[in-house]
Asks: 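This is the structure, below, for whatever I ask next.
These numbers come from the heavy atoms of this one structure, side chains and all, not from hydrogens, waters or symmetry mates. Since this is a predicted model, take the numbers as computed values, not measurements. We count ligands from 1, going down the list as the structure has it; atoms in each ligand are counted the same way. Along the sequence shown, the residues carry numbers beginning at 1.
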Amino acid sequence: MTQENEPCSQEIRSLLHAASQPLILAHIRPDGDAIASVLGLGLALQNAGKKVQMVLVDAVPAEFKFLPGSELIHTQAEAGYDLAIAVDCSDQQRIGEAFADLKFDFNIDHHITNDQFACQNLVLPEQPATAAVLAQYLPEWGFPITPEIANVLLTGILTDTIGFRISNVSAGTLRLAANLIDNGANLTDLYEKALVSQSYSASQLWGFALSRLEKKGRLAWTSITLEDRKKAGYAGRDDADLTNVLSAIEEIDASILFNEQINCKIKVSWRSKPNIDVSKIAQRFGGGGHPPAAGAEINGSLEEVQNMVIEFTDSVLKKSKGEN
Ligand code: AMP
Ligand code: MN
Ligand code: MN
């Protein structure tokens, strides 16, 4: 535990033990870490005898329904909670419109762009996943890591680190993961379910999107259109992990995925190699994230947003290389 987080962490510990009906929320279009953080903390509090509400406004995507307790997550909250907690959220807008005015008692996160929207903010940007923050703190706060919680939290760490391959994975991350395995997490099983296996429709979606893959200099990009989604029969609003495929391209420094949404917005996802901070680029468009992985939702048509974002990102890449 770092000293600077000590007072905040002690306050959160007291709030958690005093609450009897906590509400836990994470961000829209939940990824593995958002789901794992809601479930990991939720199950721990439930095991301590509390009446817990776990809420994700966009529900748990089919590919994460294997997680123990995922059926306990709802898309709406009921009145009557006595503690409001946000996990894995850099800002309150990302939780969903229904919760835009809720006063959060605390927020547990790892985004460097976190705007500290809650009364207490436990934000550890050096951790590669909010699930890793919880794996560290739950035992310190007096909540045992059961095998279910261990499996859930390791899934969050595995998905946000893309299988331990992003640059802020440290020896400490591997120690936390080893501890989760000691507590009953099955690494091989989770790796297969959370990172390797995917549906046929997701594979088709990749195919449609990759057929439009483009590259200019050290930047590659493509898009997922609403039409692609329909043709592939892909139900989720997410990108079926296509960003991970783009980020693996050897000849580039950064990649962008444009994901067309039904509300005339384009979800933009940036990924970059070390030394290129895409969180700053995403912030310029009202989004946020981490130096190597960031996102934003931008109003406009696919073409408008693509042109604007590619031009700006390309200029940042050129500046970082000392070109004009
Ligand atoms: P994504 O591109 O959605 O996989 O997200 C990459 C990273 O950026 C994740 O850590 C997200 O939490 C963060 N992120 C994505 N979209 C936004 C947004 N609109 N505002 C703030 N952070 C975001
Ligand atoms: Mn997340
Ligand atoms: Mn995360």
Asks: Is the closest N or O pair between Arg94 and ligand 1 shorter than 3.5 Å?
Replies: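 Yes, there is a polar N/O contact under 3.5 Å.
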
Asks: Go through the side-chain N and O atoms of Thr313 and Trp270 and say whether any donor and acceptor fall under 3.5 Å apart.
Replies: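 Side chains of Thr313 and Trp270: pair found under 3.5 Å.
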
Asks: Among all the protein's non-hydrogen atoms, which is closest to atom 17 (C) of ligand 1, and how far away is it?
Replies: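 Residue, atom and distance for the closest contact: Gly295 O, 3.2 Å.
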
Asks: With a 4.0 Å cut-off on N to O distance, would you call Glu297 and Arg29 a salt bridge?
Replies: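 Looking at Arg29 together with Glu297, the answer is yes, because their closest N to O distance falls below 4.0 Å.
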
Asks: Within 45° of the axis and under 6.0 Å from the centre of the six-membered ring of Phe258, does NZ or CZ of Lys267 qualify?
Replies: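 No, a cation-pi geometry is absent between Lys267 and Phe258.
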
Asks: Could you pull out the atom name of the N/O/S atom in Asp88 that is nearest the Mn ion (ligand 2)?
Replies: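 Output for this pair reads OD2.
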
Asks: With the Mn ion (ligand 2) at the centre, find the angle made by OD2 from Asp31 and NE2 from His27, to 10°.
Replies: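 Seen from the Mn ion (ligand 2), OD2 and NE2 are separated by roughly 100°.
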
Asks: Can you tell which part of His290 has a heavy atom less than 4.0 Å from ligand 1: side chain, backbone, both or neither?
Replies: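 Answer for His290: side chain.
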
Asks: Thinking salt bridges, do Asp91 and Arg94 make one under a 4.0 Å N-O criterion?
Replies: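 Salt bridge flag = no for Arg94 with Asp91.
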
Asks: Could you say whether the N/O atoms of Arg271 and ligand 1 ever approach to under 3.5 Å?
Replies: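 Checking ligand 1 against Arg271, an N or O pair does fall under 3.5 Å apart.
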
Asks: For atom 3 (O) of ligand 1, what's the nearest protein heavy atom and its distance?
Replies: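 Going atom by atom, the protein heavy atom closest to atom 3 (O) of ligand 1 ends up being Lys267 NZ, 2.4 Å.
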
Asks: Does any N, O or S atom in His111 come within less than 2.8 Å of the Mn ion (ligand 3)?
Replies: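 Checking His111: none of its N, O or S atoms is under 2.8 Å.
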
Asks: Check each atom of ligand 1 against the heavy atoms of Ala293 and keep those under 4.0 Å away; list them by number with element.
Replies: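 This gives 6 (C), 7 (C), 8 (O) as the contact atoms.
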
Asks: Could you give the distance from CD (Glu304) to CD1 (Ile298), rounded to the nearest 0.5 Å?
Replies: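 CD1 of Ile298 is found 11.0 Å from CD of Glu304.
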
Asks: Scan side-chain atoms only and decide if Asp82 and Ser20 contain a donor-acceptor pair under the 3.5 Å cut-off.
Replies: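 Checked: Asp82/Ser20 side chains pair up, N/O donor to acceptor below 3.5 Å.
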
Asks: Using a strict cut-off of 4.0 Å, indicate which atoms of ligand 1 neighbour a heavy atom of Ser90.
Replies: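 So the atoms of ligand 1 that pass are 21 (C), 22 (N).
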
Asks: In terms of residue, atom name and distance, what is the protein heavy atom nearest to atom 2 (O) of ligand 1?
Replies: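 Going by distance alone, atom 2 (O) of ligand 1 is nearest to Ser269 OG, 2.6 Å.
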
Asks: Identify the protein heavy atom lying closest to atom 9 (C) of ligand 1, giving its residue, its atom name and the separation to 0.1 Å.
Replies: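 Nearest protein contact, heavy atoms only, for atom 9 (C) of ligand 1 is His111 NE2, 3.8 Å.
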
Asks: Cut-off 3.5 Å, side chains only: do His110 and Asp160 have a donor facing an acceptor?
Replies: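 Distance-only check passes for His110 and Asp160.
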
Asks: Around atom CZ of Arg175, are there more than 12 heavy atoms from other residues, nucleotides or ligands closer than 6.0 Å?
Replies: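 12 or below, so no.
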
Asks: Is the ring pair Phe312/Phe285 parallel, tilted or perpendicular, if the boundaries are 30 and 60 degrees?
Replies: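 Ring orientation, 0 to 90° scale: perpendicular.
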
Asks: Just jot down the ligand 1 atoms closer than 4.0 angstrom to any heavy atom of Gly287, in number order.
Replies: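 Listed by number with element, the hits are 18 (C), 20 (N), 21 (C).
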
Asks: Please determine, by modelled atom types, if Asn121 and Asn107 share a side-chain donor-acceptor pair under 3.5 angstrom.
Replies: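 Their side chains do contain a donor-acceptor pair, which is all the 3.5 Å distance test asks for.
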
Asks: Angle at the Mn ion (ligand 3), OD2 of Asp33 to OD2 of Asp160, rounded to 10 degrees, please.
Replies: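 Nearest ten degrees: 90°.
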
Asks: For ligand 1, which atoms have a heavy atom of Gly289 less than 4.0 angstrom away?
Replies: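 Reading through ligand 1 atom by atom, the close ones are 8 (O), 13 (C), 22 (N).
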
Asks: Look at atom 23 (C) of ligand 1 and say which protein heavy atom is nearest, naming residue and atom and giving the distance to 0.1 Å.
Replies: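 So the nearest neighbour among protein heavy atoms is Gly288 O, 3.4 Å.
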
